[in-house]
Structure formats: C-alpha cells, structure tokens
Amino acid sequence: MSVGQSADKVWNNLIGRLLTLLVGGGLVAGALTMYPQILPVVRWAIPVSFVLWGASRLYFYGVGDTLSLAAGCLLILGGFTYASYLLISMDELTGAVAQLVPAIGIFTELFAAHYRNQD
C-alpha cells in the first residue's frame with residue numbers, strides 16, 4: 001500500500017479525519033506556544049491567503065461566470081480590507097465591516113462552487 005492510498009484511507013474515515021485535524025491543530029498551537037515570534041507570520045498569512053484564493057478563482061473560472069467573478073473579487077477585496085484592519089487602528093463599525101467582507105466573499109464562493117458542481 002502506497003503512502004497516498006494510506007492517506008486516502010485515513011482521510012476517508014471520519015475518526016481518522018478528526019484525529020488528523022486535532023493533531024494538526026495541536027502542532028500549530030504547539031508551534032505558536034514554543035515560538036511566539038511566528039505569530040505575526042500566521043496573522044498576516046490569513047489576508048494573503050484570501051487574496052491568493054480570490055485570484056485563483058478569477059484565474060481558473062474567468063469572468064464568464066458572474067458568481068465566480070463576484071466571489072473572486074470579494075475575496076481579493078476581503079484580503080485587502082482584513083490586511084488594512086490589521087495594519088490600521090479602526091473604530092468598531094469600520095473594523096466590523098473590514099472583517100465582514102471576507103466572510104461575505106467566502107459565502108459567495110460557497111454558492112459559486114455549489115452552482116459550478118451542479119452543472
């Protein structure tokens with residue numbers, strides 16, 4: 001049995017998936033506890049991943065699909081607004097909007113993926 005087949009067997013099992021996620025979360029928490037200087041890297045990886053995720057939606061699905069276009073643009077905008085939230089001190093309303101844009105982008109991408117999978 002190859003490594004890929006073993007990984008598929010573990011990941012397809014519900015308990016195996018749960019244990020994998022728990023071990024991964026424990027490793028991340030342990031790394032953040034042991035090396036606190038890595039925390040800014042993790043904090044800034046979130047908006048960068050939003051921008052890259054949105055750019056990948058635009059690259060893979062183009063501008064022909066309106067819902068995928070909206071999801072990609074909202075994810076890119078959400079990455080920039082969340083980065084500005086981390087960089088600039090904001091009041092409560094502005095901070096809430098800056099954190100709400102990525103959430104709207106994620107939900108739009110979920111709808112776009114749902115409709116892409118139905119076709």
Side-chain angles (χ1 to χ4, degrees):
M1 184 179 287
S2 70
V3 174
Q5 291 172 341
S6 298
D8 284 339
K9 188 175 181 181
V10 169
W11 190 252
N12 289 334
N13 187 355
L14 181 64
I15 304 260
R17 188 178 297 172
L18 181 64
L19 287 175
T20 304
L21 292 173
L22 285 174
V23 167
L27 289 174
V28 169
L32 291 176
T33 303
M34 303 268 304
Y35 302 105
Q37 64 268 21
I38 202 169
L39 186 62
V41 174
V42 173
R43 185 175 293 148
W44 281 99
I46 296 170
V48 169
S49 64
F50 281 140
V51 171
L52 291 176
W53 188 16
S56 73
R57 298 299 95 187
L58 293 177
Y59 179 76
F60 288 130
Y61 301 108
V63 295
D65 185 14
T66 309
L67 198 55
S68 294
L69 173 68
C73 291
L74 279 170
L75 285 169
I76 291 173
L77 179 66
F80 284 123
T81 58
Y82 192 69
S84 65
Y85 169 75
L86 293 176
L87 193 60
I88 302 166
S89 63
M90 300 180 180
D91 60 346
E92 288 89 10
L93 180 63
T94 310
V97 170
Q99 291 180 356
L100 188 65
V101 173
I104 293 171
I106 290 170
F107 284 121
T108 308
E109 172 55 31
L110 289 174
F111 282 122
H114 173 72
Y115 287 119
R116 276 194 306 265
N117 290 336
Q118 281 189 348
D119 291 338

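Sequential numbering from 1 along the given sequence is applied to the chain's residues. No experiment lies behind these values; they were computed from the predicted model shown.
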For the residue pair Arg116 and Ser68, what are the closest heavy atoms and their distance?
->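 That would be NH1-OG, 2.6 Å.
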Same cluster or not: are Val101 and Ile76 linked, directly or through other Ile, Leu, Val, Met, Phe, Trp or Tyr residues, by side-chain heavy atoms under 4.5 angstrom apart?
->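 No.
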Please tabulate, for side-chain N and O atoms in residues 39-63, each donor-acceptor pair with protein atoms closer than 3.5 Å (sequence neighbours left out).
from: Ser49; atom 1: OG; to: Ala45; atom 2: O; distance (Å): 3.1
from: Ser49; atom 1: OG; to: Ile46; atom 2: O; distance (Å): 2.7
from: Ser56; atom 1: OG; to: Trp53; atom 2: O; distance (Å): 2.7

Rounded to the nearest 0.5 Å, how far apart are [atom1] of [X] and [atom2] of [Y]?
X      : Y      : atom1 : atom2 : result
Asn12  : Arg17  : CG    : CZ    : 6.5 Å
Thr81  : Met90  : OG1   : CE    : 7.5 Å
Leu69  : Leu74  : CG    : CG    : 9.5 Å
Tyr115 : Phe111 : OH    : CZ    : 7.0 Å

Show me the donor-acceptor pairs within less than 3.5 Å that the side chains of residues 19-37 make with the rest of the protein, sequence neighbours left out.
from: Thr20; atom 1: OG1; to: Gly16; atom 2: O; distance (Å): 2.6
from: Thr33; atom 1: OG1; to: Ala29; atom 2: O; distance (Å): 2.8

With a cutoff of under 4.5 Å between side-chain heavy atoms, which Ile, Leu, Val, Met, Phe, Trp and Tyr residues group with Leu14?
->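 Same cluster as Leu14: nobody, lone residue.
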Got more than 12 heavy atoms from elsewhere within 6.0 Å of CD1, Ile15?
-> no
